[in-house]
Amino acid sequence: MGKTVAALVSGGVDSAVSVHILKEQGIDPHLFYIKIGPDRDTEWNCTSEEDVEICQWLARRYGLQLDVIDLHKEYWEKVVGYTMEKARQGLTPNPDVMCNKLIKFGCFEQVVGKDFDFTATGHYATTDKDAKGRVWLATSPDPVKDQTDFLCQIDSQQVSKLMFPIGAMYKHEVREVAERAHLLNAERRDSQGICFLGNIDFRDYIKAHLGENPGDVREIETGRKIGEHKGLWFYTIGQRKGLGFGGGPWFVVKKNLKRNILFVSHGYDPEKVYKDHLSMNDFHFITANPFEDDMFASSIVEGEQGREMRVTFKIRHTPDCLTGCLINTIGGEWKLIADKKIHGVAPGQFCVVYDESHHLCIGSGEID
């Protein structure tokens with residue numbers, strides 16, 4: 001008897017090509033569309049109706065079964081609740097990371113995935129099995145589309161059941177396969193933003209839930225007041241667009257939560273807003289702690305703070321922010337010492353850590 005596969009489909013080209021590849025491999029996956037968007041007719045609705053229609057077409061095209069799994073309640077309780085609470089604290093949330101951890105590979109696994117050998121998705125990521133038989137989350141060769149940073153909070157059991165049919169491909173290759181296969185969504189644009197928002201702006205959604213909390217906006221170099229903000233939760237470190245302060249351009253460089261002050265700078269290169277030291281709370285290892293594994297022995301060095309390890313990390317999705325560093329733990333707190341100073345370090349973001357060659361994703365921690 002062959003392996004049973006649950007394939008998550010979204011209406012996008014990536015998951016559609018994943019299904020096409022599975023069929024070419026002789027696998028008949030059971031398709032599942034996870035419903036997480038709003039369940040009422042408002043201007044906040046996302047494209048779920050169109051998405052489902054495309055998924056239904058895909059199922060008919062390949063003679064597969066499709067089920068819609070309603071995880072709307074769980075998503076809004078877990079992911080949206082997390083997002084609003086982090087924003088209220090003035091931190092920078094990442095709902096996409098938590099959706100993968102708690103919904104796609106959390107609630108879905110508990111409700112449906114447990115009955116299948118594997119779960120396939122259209123993520124740009126790969127897996128790698130080591131000599132001990134352990135499965136590691138590994139990067140895609142496409143540095144622009146690689147999505148391991150969005151999967152950085154899943155655990156070893158979750159990653160061991162995952163299949164990434166397009167994970168070793170580049171985006172243009174996926175489009176080419178879709179065109180050759182005459183898939184309905186071959187030229188459909190990639191989704192942007194956060195799914196549960198649909199077409200509404202994130203600031204408007206935050207305002208609807210958290211309201212406003214005005215405070216001073218000050219230039220960080222001089223302390224001079226240059227305006228007033230409507231709430232620290234509307235801004236993130238490194239933000240430039242949409243600030244609306246006169247005399248710009250301005251960049252957000254710091255938040256003072258106790259005094260409710262937003263600090264900005266004219267330039268994006270003042271020394272004080274670049275950092276080469278990061279600390280993280282509750283560091284999460286996906287497969288294993290590399291400090292306790294001889295597989296990483298060659299990357300461990302003796303430093304000023306004791307045993308340190310050479311790794312790479314990123315704090316944003318863009319490939320240009322990948323940086324080499326040393327990582328160590330002191331008193332249970334994980335610290336990074338970067339090879340060069342980086343900008344846009346925002347508390348609440350996930351710092352994603354990879355091995356020295358940027359192949360295996362070790363895990364992630366929330367920036368303190």
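Quantities reported herein were computed from a predicted structural model and do not represent experimental measurements. The chain is numbered in sequence order, starting from 1.
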Determine, for Asp28 against Lys23, whether the closest basic-nitrogen to carboxylate-oxygen distance falls under 4.0 angstrom.
-> yes

Would you say the ring centroid of His30 lies under 6.0 angstrom from that of Phe116?
-> yes

Give me the one residue out of Ile69, Asp70, Ile54, Val68 that meets side chain to side chain contact (heavy atoms under 4.5 Å, CB included) with Tyr33.
-> Val68

Minimum side-chain heavy-atom gap Val135-Ser156 below 4.5 Å | no

Is there a donor-acceptor pair closer than 3.5 Å between any side-chain N or O of His343 and the backbone N or O of Val253?
-> no

What heavy-atom pair brings Leu64 and Pro29 nearest, and what distance separates the two atoms?
-> CD2-O, 3.4 Å

To the nearest 0.5 angstrom, please state how far the CG atom of Asp293 sits from the OG1 atom of Thr287.
-> 10.0 Å

Can you tell me how far SG of Cys55 sits from CD of Glu50, rounded to the nearest 0.5 angstrom?
-> 10.5 Å

Just do the salt bridge (Lys or Arg N to Asp or Glu O under 4.0 Å) check on Lys340 and Asp276 with the steps written out, would you?
-> CA-CA 6 Å; Lys340 62 180 180 180; Asp276 58 7; over 6 Å; no

From Lys258 NZ over to Asn260 CG, what is the distance, rounded to the nearest 0.5 angstrom?
-> 14.0 Å

In short, Ile315 meets Cys321 closest at the heavy-atom pair N-SG, 3.9 Å

State plainly whether one hydrophobic cluster holds both Leu8 and Phe118, where clusters connect Ile, Leu, Val, Met, Phe, Trp and Tyr through side-chain heavy atoms under 4.5 angstrom apart.
-> no

Tested for side chain to side chain contact (heavy atoms under 4.5 Å, CB included) against Phe263, the lone hit among Ile220, Ile237, Asp216, Val252 is Ile220

Do the non-hydrogen side-chain atoms of Thr323 and Lys314 ever get within less than 4.5 Å of each other?
-> no

By side chain to side chain contact (heavy atoms under 4.5 Å, CB included) - contacts of Thr222 (at least two apart) = Glu219, Arg224

Any donor-acceptor pair under 3.5 Å linking the side chain of Glu228 with the backbone of Gly215?
-> no

Given the rule in the side-chain hydrogen bond (donor to acceptor under 3.5 Å, both in side chains) test, do Ser357 and His359 qualify, once you have shown the distances and angles that lead to the verdict?
-> CA-CA 5 Å; Ser357 63; His359 174 57; 6.0 Å; no

Is the shortest heavy-atom distance from the side chain of Ile286 to the side chain of Val159 under 4.5 Å?
-> yes

Should the ring pair Phe32 and Phe108 be called parallel, tilted or perpendicular, given that the plane angle runs from 0 to 90° and is split at 30 and 60?
-> perpendicular

Begin with the C-alpha distance, continue with both residues' side-chain angles, and end with the deciding distance and a verdict on side-chain hydrogen bond (donor to acceptor under 3.5 Å, both in side chains) for Glu221 and Ser265.
-> CA-CA 7 Å; Glu221 293 87 354; Ser265 174; 2.7 Å; yes

Can you find a side-chain donor-acceptor pair between Asp149 and Gln147 that sits under 3.5 Å?
-> no

Test: Glu333 and Lys335 ion pair at under 4.0 Å | yes

Any chance you could lay out the side-chain hydrogen bond (donor to acceptor under 3.5 Å, both in side chains) test for Thr92 and Thr236, step after step, and finish with the verdict?
-> CA-CA 6 Å; Thr92 300; Thr236 189; 2.8 Å; yes

Strictly under 6.0 Å, is that where the ring centroids of Phe150 and His317 end up?
-> yes

Sub-3.5 Å donor-acceptor pair from the side chain of Glu109 to the main-chain atoms of Gly106, do we have one?
-> no

For His284 and Gln153, indicate whether the former's side chain and the latter's backbone hold a donor-acceptor pair under 3.5 Å.
-> yes

Does a side-chain heavy-atom distance below 4.5 Å link Met295 with Asp130?
-> yes

To the nearest 0.5 Å, how far apart are NE2 in His277 and CG in Leu326?
-> 9.5 Å

Go through Val264 and Val217 one step at a time and tell me if the side-chain contact (heavy atoms from CB on, under 4.5 Å) criterion holds.
-> CA-CA 7 Å; Val264 297; Val217 178; 3.9 Å; yes

Main-chain N/O of Ile367 paired with Ser279 side-chain donor or acceptor, under 3.5 Å = no

Okay, side chain of Arg175, backbone of Ala186: is any donor-acceptor separation there less than 3.5 Å?
-> yes

Kindly determine whether Phe234 and Lys230 satisfy side-chain contact (heavy atoms from CB on, under 4.5 Å), including the steps that lead there.
-> CA-CA 7 Å; Phe234 294 120; Lys230 295 183 178 181; 4.0 Å; yes

Can you tell me if Asp142 uses its side chain to pair, donor with acceptor, with the backbone of Asp146 under 3.5 Å?
-> no

Kindly say whether Leu91 contributes a backbone atom to a donor-acceptor pair with the side chain of Lys86 at under 3.5 angstrom?
-> no

Heavy-atom pair with the smallest gap, counting every atom of Cys99 and Ile36 = SG-CD1, 4.4 Å

Any chance the rings of Trp136 and Phe296 have centres within less than 6.0 Å?
-> yes

Sequence neighbours left out, what pairs pass ring-ring contact (aromatic ring centres under 6.0 Å, His included) with at least one residue falling in residues 322-341?
-> Phe283-Trp334, Phe285-Trp334, Phe291-Trp334

Would you say the side chain of Tyr124 lies within less than 4.5 Å of the side chain of Lys171, judging by non-hydrogen atoms?
-> yes

Determine, for Lys145 against Asp14, whether the closest basic-nitrogen to carboxylate-oxygen distance falls under 4.0 angstrom.
-> no

Going by heavy atoms in the side chains, are Gln65 and Asp67 under 4.5 Å from each other?
-> yes

side-chain contact (heavy atoms from CB on, under 4.5 Å) evaluation trace for His209 with Arg88 = CA-CA 10 Å; His209 279 255; Arg88 187 189 63 77; over 6 Å; no

Could you walk me through whether Tyr82 and Asn94 pass side-chain contact (heavy atoms from CB on, under 4.5 Å), step by step?
-> CA-CA 9 Å; Tyr82 148 85; Asn94 192 323; 4.3 Å; yes

Taking all heavy atoms of Ile166 and all of Gly122, pick out the closest pair and write down the distance.
-> CD1-O, 3.3 Å

Compare every heavy atom of Ala288 with every heavy atom of Ile362, then report the nearest pair and how far apart it is.
-> CG2-O, 4.5 Å

Stepwise side-chain hydrogen bond (donor to acceptor under 3.5 Å, both in side chains) test for Thr148 and Tyr354 | CA-CA 10 Å; Thr148 51; Tyr354 301 85; 2.8 Å; yes

Drop me the distance from Arg310's CZ to Ile327's CD1, to the nearest 0.5 angstrom.
-> 11.5 Å

First locate atom CD of Gln157, then atom CG of Leu162, and finally report the distance between them rounded to the nearest 0.5 Å.
-> 10.5 Å

Within the side chain of His229, is there an N or O that forms a donor-acceptor pair under 3.5 Å with the backbone of Gly231?
-> yes

Same hydrophobic cluster for Val80 and Leu71, using side-chain heavy-atom links shorter than 4.5 Å among ILVMFWY?
-> yes

Check whether any side-chain heavy atom of Lys255 lies under 4.5 Å from a side-chain heavy atom of Leu232, and answer yes or no.
-> yes

So, Asn185 side chain and Arg188 main chain: donor-acceptor pair closer than 3.5 Å or not?
-> no

So do the side chains of Glu74 and Ile103 get within less than 4.5 Å of each other, counting heavy atoms only?
-> yes

